[in-house]
Amino acid sequence: MTNATLDARHSPANLEDILAPDGSAWNEMTGEVIALTPTPLDRQPSAYVQAAWKDRNHGAVAAVTVQAIRNDDTLALRLQWQAAQPKRSIDDINAYADACAVLFPANGKDTDLETMGSPERPVVAWHWRAGTDAPFSVTARGIGTVERSAEHQLQARSRWSDGRWQVVFARSLESDGLSLSGGTDIPIAFAVWCGAGSERAGLKSHSPEFHQLRIN
Amino acid sequence: MNTAVTSKHQFAMVFDLNKCLGCQTCSVACKTQWTRGNGMDAMWWNIVNTIPGKGTPRNAFELGGGYKDGQPVPGELPGKAEWGEAWDFEYDKVFFRSADDDEDNRDYLRPRAHDGKPPRWGPNWDEDMGGGEYPNSYFFYLPLVCMNCEKPACLEACPRDTIYRRDEDGVILIDEERCHGYRFCAEACPYKRIYFNEQRAIAQKCISCFPRLEAGVAPACVRQCPGRARHVGYLDDPDSHISKLVNTWKVALPLRPDFGVKPRVFYVPPTMPLAFDENGDFDENQSRFPMEEMRKLFGADVEQALATVESEREKVAGGGQSELMDILISRNWNDMLGPYKQDPGKLVRPPRRGND
């Protein structure tokens with residue numbers, strides 16, 4: 001699997017145009033098709049989850065197309081993937097919503113992706129779930145340690161049509177959290193949850209290696 | 001990974017099924033204390049089911065979870081139609097109908113499910129079914145709460161250590177701030193006593209009224225029980241009702257011990273009436289309730305437990321004394337409350353409850 005480099009090129013588009021999941025600002029940006037694989041079952045941190053999913057497939061989504069863009073203030077990422085049977089919300093006790101996330105090493109340089117970071121080298125992720133208004137900003141210091149935190153500069157918009165999700169994450173270039181200013185070159189990874197397949201928590205498709213995001 | 005650590009005390013309950021009336025006062029006591037908040041309309045942390053019956057949710061004990069040979073058993077999580085919904089009733093139509101409406105065509109309060117249709121299932125839906133053929137019909141009531149298991153499948157299933165056992169009394173709680181609503185716990189609970197709050201996307205369950213326990217007050221379901229069917233206390237205190245019924249007299253048994261979770265709610269099995277024989281006479285050797293079903297519910301020790309209760313009853317009926325009967329009757333009902341005898345009405349500050 002080759003590592004892709006995503007270029008976040010400068011655009012004159014304003015925030016609203018960038019946030020529009022099918023906005024024209026995205027037409028000009030090249031996309032990278034990122035291959036996704038199921039997360040390893042033996043890394044699931046509960047014996048119950050391992051037993052319950054032993055004979056059951058997860059990681060239904062095989063690829064996500066990713067684009068990046070920036071304007072003077074904001075960095076945005078658009079994730080698109082095929083979802084013939086979208087789950088747009090948690091609408092029952094046994095229903096799970098579609099979701100996606102992008103993940104960075106908190107130090108901007110490196111960490112262990114397979115364990116979702118470590119106590120010394122945490123990861124930061126932006127997590128969107130269908131049916132919710134705001135994305136979560138999360139940090140993790142190992143599998144099962146995800147903590148949601150408020151990051152007010154983070155926004156997300158989503159759209160489902162023609163069997164495809166389009167999700168845009170947008171965050172201020174300058175923030176108290178992760179540094180994403182111009183000239184930043186940072187590892188990035190991706191994950192998608194297929195709600196129709198009851199995927200949640202560590203049961204998901206993910207990019208098993210970091211790719212690279214270059215913010216021009 | 002999280003394991004169920006031990007606690008200083010083992011909070012436990014004994015439900016005497018010979019005294020349960022099936023009145024659901026416990027369920028309503030719990031409802032008014034704890035489940036009036038957003039997304040909790042359909043929650044019954046305490047529920048009384050009729051046996052035989054499919055339970056709450058439907059087929060509750062056939063959905064997997066728990067352990068077999070020490071290994072976790074995959075569980076199913078039913079949807080809201082199977083749990084039973086909080087129905088809407090057509091109050092507007094009934095109370096505010098026009099005076100011109102045809103008197104013969106009066107409306108009444110019809111329950112409606114979320115899809116506007118008549119409900120097809122609900123908590124203890126099959127209450128009036130029972131089992132057996134007349135005149136050998138049979139049933140009994142089975143109250144259910146969180147079992148605070150010694151080997152809690154819910155706690156061990158959670159991938160993010162959201163569920164924990166309290167050090168002081170062993171009560172098992174879900175940290176709502178930490179819960180991300182993945183629901184592996186709800187699948188793993190073999191008694192299906194964990195609910196999902198759709199609005200808040202978190203799991204919620206019976207909390208053994210822990211704010212009351214901390215004030216020395218028994219759980220609401222226990223204190224409100226009109227049949228005085230519920231004992232509370234510490235399993236590790238050899239002088240407690242709980243320990244005497246479970247360990248000394250061995251008449252209080254775990255429900256479905258084959259689930260492998262070692263629950264800390266115990267049941268005094270019901271002594272069922274004798275069966276009628278073909279001549280309409282009592283068959284002295286035959287209970288109406290099939291012993292095979294009783295063994296499935298309470299394990300192989302159930303016959304001995306029933307025999308002990310019956311023989312102690314006979315002893316007292318013959319003018320004798322029985323510690324077991326004294327405990328089960330509990331002439332002073334406060335004796336059933338173990339270390340939780342405090343009258344909440346006499347507290348300066350009442351214990352916290354939901355939505356306060």
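Numbers restart at 1 for each chain; the letters A, B, ... are given by sequence-line order, proteins then strands. Keep in mind that this is a model prediction, so the values were computed, not measured.
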Once you round to the nearest 0.5 Å, how far does CD1 of A/Ile93 lie from CD1 of B/Ile194? 13.0 Å
Can you tell me which residue among B/Glu156, B/Glu187, B/Gln71 is in a side-chain contact (heavy atoms from CB on, under 4.5 Å) with A/Tyr48? B/Glu187
So does B/Pro159 get a backbone contact from the side chain of A/Ser46, meaning a donor-acceptor N/O pair under 3.5 Å? no
Chain A contact via B/Ala201 - side chain, backbone, both or neither, heavy atoms under 4.5 Å: side chain
What residue in A/Ala51, A/Ala201, A/Ala52 has the most heavy-atom pairs under 4.5 Å with chain B? A/Ala201
Might you point out which heavy atoms bring B/Tyr182 and A/Arg200 nearest each other, and give the distance in Å? O-NE, 2.7 Å
Does CG in A/Asp42 sit with more than 12 non-hydrogen atoms of other residues, nucleotides or ligands closer than 6.0 Å? yes
Which atoms of A/Tyr96 approach chain B - backbone, side chain, both or neither, heavy atom under 4.5 Å: both
Please rank B/Gly64, B/Gly65, B/Pro78 by heavy-atom pairs under 4.5 Å with chain A and give me the top one. B/Pro78
So which of B/Ala188, B/Ala153, B/Ala42 has the largest heavy-atom pair count under 4.5 angstrom toward chain A? B/Ala188
Chain B contact via A/Leu203 - which portion, at a heavy-atom distance below 4.5 Å: side chain
A/Gln85 atom CD, over 12 foreign heavy atoms within 6.0 Å: no
Roughly how far apart are B/His114 NE2 and A/Asp92 CG, rounded to 0.5 Å? 7.0 Å
Would one find more than 12 heavy atoms of other residues, nucleotides or ligands at under 6.0 Å from atom CG of A/Asp22? yes
As an exercise, state the distance from CD1 of A/Ile90 to CZ of B/Arg200, rounded to the nearest 0.5 Å. 13.5 Å
Quick check: does any side chain N or O of B/Lys80 sit under 3.5 Å from a backbone N or O of A/Asn94, one acting as donor and the other as acceptor? no
Contact origin within A/Ala95 toward chain B - heavy atom pairs under 4.5 Å: backbone
As an exercise, state the distance from CD of A/Glu147 to CZ of B/Arg160, rounded to the nearest 0.5 Å. 6.0 Å
